[in-house]
There are 2 protein chains.
Amino acid sequence: MAYRETEKMRQRKAEARKRIVDCTYQCVAEGGFRSARVTRIAGLAGVATGTIYRHFESREDLFAEIFRLATQREVDKVAEALASGGNGAERLERALRQFAERALKGPTMAWSLIAEPVDPKVEEERLAYRKAYANLFEKAIREGIEEGCIPDQDARQSSTCLVGAIAESLVGPLSPTQISQADSATEENNDPLVNSIIRFCMQGLTGTRR
Amino acid sequence: MAYRETEKMRQRKAEARKRIVDCTYQCVAEGGFRSARVTRIAGLAGVATGTIYRHFESREDLFAEIFRLATQREVDKVAEALASGGNGAERLERALRQFAERALKGPTMAWSLIAEPVDPKVEEERLAYRKAYANLFEKAIREGIEEGCIPDQDARQSSTCLVGAIAESLVGPLSPTQISQADSATEENNDPLVNSIIRFCMQGLTGTRR
DNA sequence: ACAAAGAATGAATAGTGATTCACTACTTAT
DNA sequence: ATAAGTAGTGAATCACTATTCATTCTTTGT
C-alpha cells in the first residue's frame, strides 16, 4: 500500500472544514439560513462546491452544526451569568438580561436562532437549544427555591415560560423588517425593552413587584 | 357581446373557492403547510390544478388566506372569553385557558400556526396573528389595571410575554414528534399543563401567588 | 343555433439550487 | 519513479413541485 492519512493531511482537512464552518457562520449572521447558498459558502471558503460534501453529509447537516455552534456560544454566556455571585433571583435576572442583550446585539443571528423558518434537522436543534436555556433556568430556579428567594413552584414550567416570554418579546424587534431600518448597535436604546421584559419575568417568578 | 357573468356563475365560483379553502384547511390540519401539495388540494376539492390559480395568486397566497382564517377562529374564541363576565384578571385567565386548551385539542393546526416553518408571506400573517392575541390581552390588562385587580404595568410588554410564555409551553407538546405518539383528545391529561402555564402567567401579571 | 366570452383543464414546463460523480491532482510508501 | 490510495473539483444532473397556457368545455345573449 502507499498513501496513508498523515498528521499533516489531517490538519489540512481540519483547516478546510473550519474555513467552511466559519464562512457559513458568517453567511448566516448576514442573512440567515435561507439565503445562505452552498455555492456562495464554498466560494468564500475557497473550495469547490463538492468539497463541502466531503465534510458534511448535506447542507442541512452543515446548518445544523452551525446552529449548534452558535447556540453553544449563547448558552455558555448565559450559563456564565448564572454561575456568578448573588442569590438565585439575582443570578437569574443577570442571565435573562444577558440573553436579551446579546440577541439585540447580533440581531440577524439571534433571529435565525429564535424565529427563522428552518429545515427539520435544524428545527430539531432549535428545540434542543430552547431546552438548553430552559434547563439552565430551571436549575437556577430550583436553587432559588432552596435559598428561599424564590417561592416554591413548578421550576420546569416556569423556565419554559421564561424562555418563551423573552423569545416572543424579541421576535418583533429582531425580525428582518425591523432590522433593516435598524438602530441596532445603539445599545442604550434597548435597555427599556430589556428592562420591561425582565420585570415581567422576575415577577412571574417571584410574585414580587418592584 | 354574449357571455356576461351572472349570479349563478358567481355563486358556482364562490362554491369552488370555498371547496378549495376547506380542503386546504383540512390538508393543513392533517399535516401542516409544508406537506400540503397543490395537486392534492386540487384533487380533494375536485378541481384541476390550474383552477386553484384562478382563485389564488399562488400557493403562498392560498396558504396565507388559510392561516388568516384559522387564526381568526382562534382569536375570536379568545376574544369571546375576554368578553365574558368577571373582573379583568378573571377574564384574562379564562382567555389564556381557552388559548391553551384549544391548541391542545387541534394540535397539528396549532403547531402550524405557532411553530411550523412557513414561507415569508405566511410568516407575516403569523406575526399579525401573534399581535392580534397580544392586542386582546393588552386591552384586558389595561382594563384590569383600571379596575384595580391588576397592578400598574407596561400592558403591551406584558401581553407579549403572555403570548410567548403560552406559545413556548405548547411548542414541546405540540411538535409533530410528540403528536404522533399522541394521547391527544384525552383532554384531562393536559389540565395540569394548562394550569401551571396559567399560574405563571397570572403571577407575572398580578404579582400574586395562589 | 351561433358567436362571444369566460372558466376549467392538466400535461408540459420552468426555476431553483442542492447534490453527484467521473475525473484530475495530490500525497504517501516502497 | 511508481503504485495505490485519497482529496478536490465543478459542470452536469437531479429532484421537486409550483406554475403556466394552449386547448377544451360552459355559459350567456341574440
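Note that the structure is a prediction, hence the values are computed from the model and not measured. Sequence lines set the chain letters: A, B, ... in the order given, protein chains first and strands last, and positions in each chain run from 1.
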| What is the nucleic acid contact for Thr51(A), judged by heavy atoms within less than 4.0 Å: base, sugar-phosphate only, or nothing? | base
| query | Around atom CD of Glu146(B), are there more than 12 heavy atoms of other residues, nucleotides or ligands at under 6.0 Å? | reply |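 At most 12 heavy atoms, drawn from other residues, nucleotides or ligands, come within 6.0 Å of this atom.
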For [N] and [X] - does any side-chain N or O of the residue sit under 4.0 Å from the phosphate oxygens OP1/OP2?
X	N	value
Arg4(A)	dT27(C)	no
Arg12(B)	dA8(C)	no
Lys13(B)	dA8(C)	no

For [X] and [N], give me the distance from atom [atom1] to atom [atom2], rounded to whole Å.
X	N	atom1	atom2	value
Ile52(B)	dA8(C)	CD1	P	11 Å
Gln11(B)	dT27(D)	CD	C1'	15 Å
Lys121(A)	dA18(C)	NZ	C1'	13 Å
Glu60(A)	dG17(C)	CD	P	16 Å
Glu7(A)	dT28(C)	CD	C1'	15 Å
Arg34(B)	dA18(D)	CZ	P	12 Å
Arg54(B)	dT19(D)	CZ	P	16 Å
Arg40(A)	dT19(C)	CZ	P	18 Å

Name the closest nucleotide to the [X] side chain, picking from [options].
X	options	result
Tyr3(B)	dT28(C), dT19(C), dA4(C)	dA4(C)
Ser58(B)	dA11(D), dT19(D), dG8(D)	dT19(D)
Ala2(A)	dA3(D), dA7(D), dT27(D)	dA3(D)
Arg59(B)	dT27(C), dT27(D), dT19(D)	dT19(D)
Tyr53(B)	dT20(D), dG10(D), dT27(C)	dT20(D)
Ala48(B)	dT19(D), dA4(D), dT9(C)	dT9(C)

| query | Side-chain donor-acceptor pair under 3.5 Å between Thr108(B) and Glu30(B), yes or no? | reply | no
| field | Centroid-centroid under 6.0 Å between Phe67(B) and Phe63(B) rings | value | no
| query | Starting at the 5' end of DNA chain D, which residue's closest nucleotide do you reach first, Glu5(B) or Thr49(B)? | reply | Thr49(B)
| Minimum heavy-atom separation for Cys201(A) to Phe200(B), with atom names? |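 What the structure gives for the nearest pair is O-CZ, 4.3 Å.
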| field | Base of dG17(C) paired with side chain of Arg37(A) (donor-acceptor, under 3.5 Å) | value | no
| field | Positive for side chain to side chain contact (heavy atoms under 4.5 Å, CB included) with Ile20(A), one of Ile66(A), Val38(A), Leu62(A) | value | Leu62(A)
